[in-house]
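Along the sequence shown, residues carry numbers from 1.
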Amino acid sequence: MRLVVAMTGATGAPIGVRLLEVLGELGVETHLILSDWARATIKLETDRSVNDVRRLASHSYSARDLAAGISSGSFRTDGMVICPCSMKTLSAIRIGYSDNLITRAADVALKERRRLVLVAREAPLSAIHLENMLFLTRAGAVVFPPTVSYYARPASVEEMTDYLVGRVVDQLGIEHDLIKRWKDHTNHERHEPRSA
């Protein structure tokens, strides 16, 4: 499998880093694009250097490199994930404003009908954000806000991050054992209605 992975400057760099680690462990070929602000956020939110993060990917590109192979629909991939995805990037994708390699590669994913997962990081959401997300969902993208599930009883930030990454990987149709799956613990015994 071959995926484009992009990271923008929105908060959530540890999720993007862990996603790259997991995809590497699963044998996925990754083509990483880092925005300028993603590089800054990696330094603020993680103990990794930008070069450490680049080394997690099979290939890496500058967001300014619009001549890269992944900017063309003829370069075949199985999809793209932007993790984290800023509202700036999401809005640019919505209007087809391909001014850098991240937004161009996302445009390619949509036009070629490939999977596009946007791990959208913002709270609270304005009406503009919601309208942009609805538009992109109707255009075929998956908008995935990184929300925590408490039924798994996460004991650490790392467990919460693994849960989020596991759910993102689910959206790509890749088998993994990163998370505890929901199990139905309800009682299915038939209950007779009480008499009045």
Side-chain angles (χ1 to χ4, degrees), residues 2-17 19-20 23 28-46 48-146 168 171-172:
R2 175 190 281 173
L3 293 172
V4 177
V5 178
M7 294 175 66
T8 71
T11 186
I15 305 169
V17 171
L19 176 64
L20 285 167
L23 292 174
V28 175
E29 178 185 326
T30 51
H31 292 255
L32 174 65
I33 315 165
L34 295 176
S35 74
D36 291 342
W37 282 108
R39 292 201 286 266
T41 307
I42 287 166
K43 292 175 190 172
L44 284 170
E45 296 184 347
T46 78
R48 306 284 190 110
S49 72
V50 171
N51 285 334
D52 289 340
V53 174
R54 281 189 175 136
R55 281 191 286 271
L56 294 172
S58 310
H59 308 274
S60 70
Y61 309 84
S62 162
R64 297 185 194 112
D65 186 6
L66 281 164
I70 57 175
S71 70
S72 171
S74 66
F75 187 95
R76 299 185 68 175
T77 70
D78 296 290
M80 179 176 184
V81 182
I82 306 178
C83 179
C85 181
S86 67
M87 290 300 111
K88 174 185 174 184
T89 298
L90 191 142
S91 65
I93 296 165
R94 185 232 162 116
I95 62 169
Y97 185 59
S98 302
D99 67 329
N100 64 46
L101 187 56
I102 294 174
T103 53
R104 172 57 188 167
D107 194 33
V108 167
L110 288 174
K111 80 182 184 70
E112 299 292 332
R113 306 296 192 264
R114 297 172 186 159
R115 178 68 78 177
L116 175 62
V117 181
L118 307 174
V119 182
R121 273 295 296 118
E122 189 61 84
L125 297 167
S126 73
I128 294 168
H129 300 148
L130 292 166
E131 286 176 2
N132 287 341
M133 290 177 184
L134 178 59
F135 187 95
L136 284 169
T137 299
R138 287 177 171 158
V142 173
V143 178
F144 188 99
V168 170
Q171 297 303 309
L172 301 165

Just jot down the side chain to side chain contact (heavy atoms under 4.5 Å, CB included) partners of [X], sequence neighbours excluded, or say none.
{"X": "Ser72", "answer": "Ser74"}
{"X": "Ala68", "answer": "Tyr61, Asp65, Ile70, Leu101"}
{"X": "Thr41", "answer": "Ala13, Glu45"}

Straight-line distance of [X] [atom1] to [Y] [atom2], nearest 0.5 Å:
{"X": "Thr77", "Y": "Glu29", "atom1": "OG1", "atom2": "CD", "value": "10.0 Å"}
{"X": "Met7", "Y": "Cys83", "atom1": "CE", "atom2": "SG", "value": "7.0 Å"}
{"X": "Leu34", "Y": "Arg54", "atom1": "CG", "atom2": "CZ", "value": "6.0 Å"}
{"X": "Leu66", "Y": "Asn100", "atom1": "CG", "atom2": "CG", "value": "7.0 Å"}
{"X": "Ile15", "Y": "Thr46", "atom1": "CD1", "atom2": "OG1", "value": "12.5 Å"}
{"X": "Asn51", "Y": "Leu56", "atom1": "CG", "atom2": "CG", "value": "11.0 Å"}

Give a yes or no answer on whether the side chain of [X] reaches the backbone of [Y] with a donor-acceptor pair at less than 3.5 Å.
{"X": "Thr8", "Y": "Pro84", "value": "yes"}
{"X": "Ser71", "Y": "Ala67", "value": "no"}
{"X": "Thr30", "Y": "Leu3", "value": "no"}
{"X": "Arg2", "Y": "Arg76", "value": "yes"}

Inset, instruction - Taking atom NZ of Lys43 as the centre, report whether more than 12 heavy atoms of other residues, nucleotides or ligands fall under 6.0 Å from it. - result: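 Atom NZ in Lys43 is not packed in, count stays at 12 or less.
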
Legend entry - Where Ala57 and Leu32 come nearest, the two heavy atoms and their spacing: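 Result for this residue pair: CB-CB, 3.5 Å.
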
Legend entry - Residue pair Ala109 / Met80: nearest heavy atoms and the distance that separates them: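 Scanning both residues, the minimum pair turns out to be CB-CB, 4.4 Å.
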
Pairs where [range] contributes a residue and the test ring-ring contact (aromatic ring centres under 6.0 Å, His included) is met, not counting sequence neighbours:
{"range": "residues 113-132", "answer": "none"}
{"range": "residues 102-126", "answer": "none"}
{"range": "residues 68-102", "answer": "His31-Phe75"}

Legend entry - Test side chain to side chain donor-acceptor pair (under 3.5 Å) applied to Ser86 - qualifying residues, sequence neighbours left out: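 Testing Ser86 for side chain to side chain donor-acceptor pair (under 3.5 Å), a comparison that skips the adjacent residues, returns Thr89.
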
Legend entry - side chain to side chain donor-acceptor pair (under 3.5 Å) partners of Asp36, counting only residues at least two apart: Arg39, Arg64

Inset, instruction - Check whether any side-chain heavy atom of Ile102 sits under 4.5 Å from a side-chain heavy atom of Ser35, and report yes or no. - result: yes

Legend entry - Side chain to side chain, Ile33 and Val4, heavy atoms closer than 4.5 Å: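 Yes, their side chains come closer than 4.5 Å.
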
Side-chain polar contacts of residues 130-138 - donor-acceptor pairs under 3.5 angstrom, sequence neighbours left out - could you list them?
{"residue": "Asn132", "atom": "OD1", "partner": "Arg94", "partner atom": "NH1", "Å": "2.9"}
{"residue": "Asn132", "atom": "ND2", "partner": "Ile128", "partner atom": "O", "Å": "3.4"}
{"residue": "Thr137", "atom": "OG1", "partner": "Met133", "partner atom": "O", "Å": "2.8"}

Inset, instruction - Using the test salt bridge (Lys or Arg N to Asp or Glu O under 4.0 Å), find all partners of Asp52 that sit at least two apart in sequence or belong to another chain. - result: Arg55

Legend entry - For Glu112, salt bridge (Lys or Arg N to Asp or Glu O under 4.0 Å) partners two or more places apart: none

Extract all donor-acceptor atom pairs below 3.5 Å that involve side chains of residues 115-123 and protein atoms in other chains or at least two apart in sequence.
{"residue": "Arg115", "atom": "NE", "partner": "Gln171", "partner atom": "O", "Å": "3.2"}
{"residue": "Arg121", "atom": "NE", "partner": "Thr11", "partner atom": "O", "Å": "3.2"}

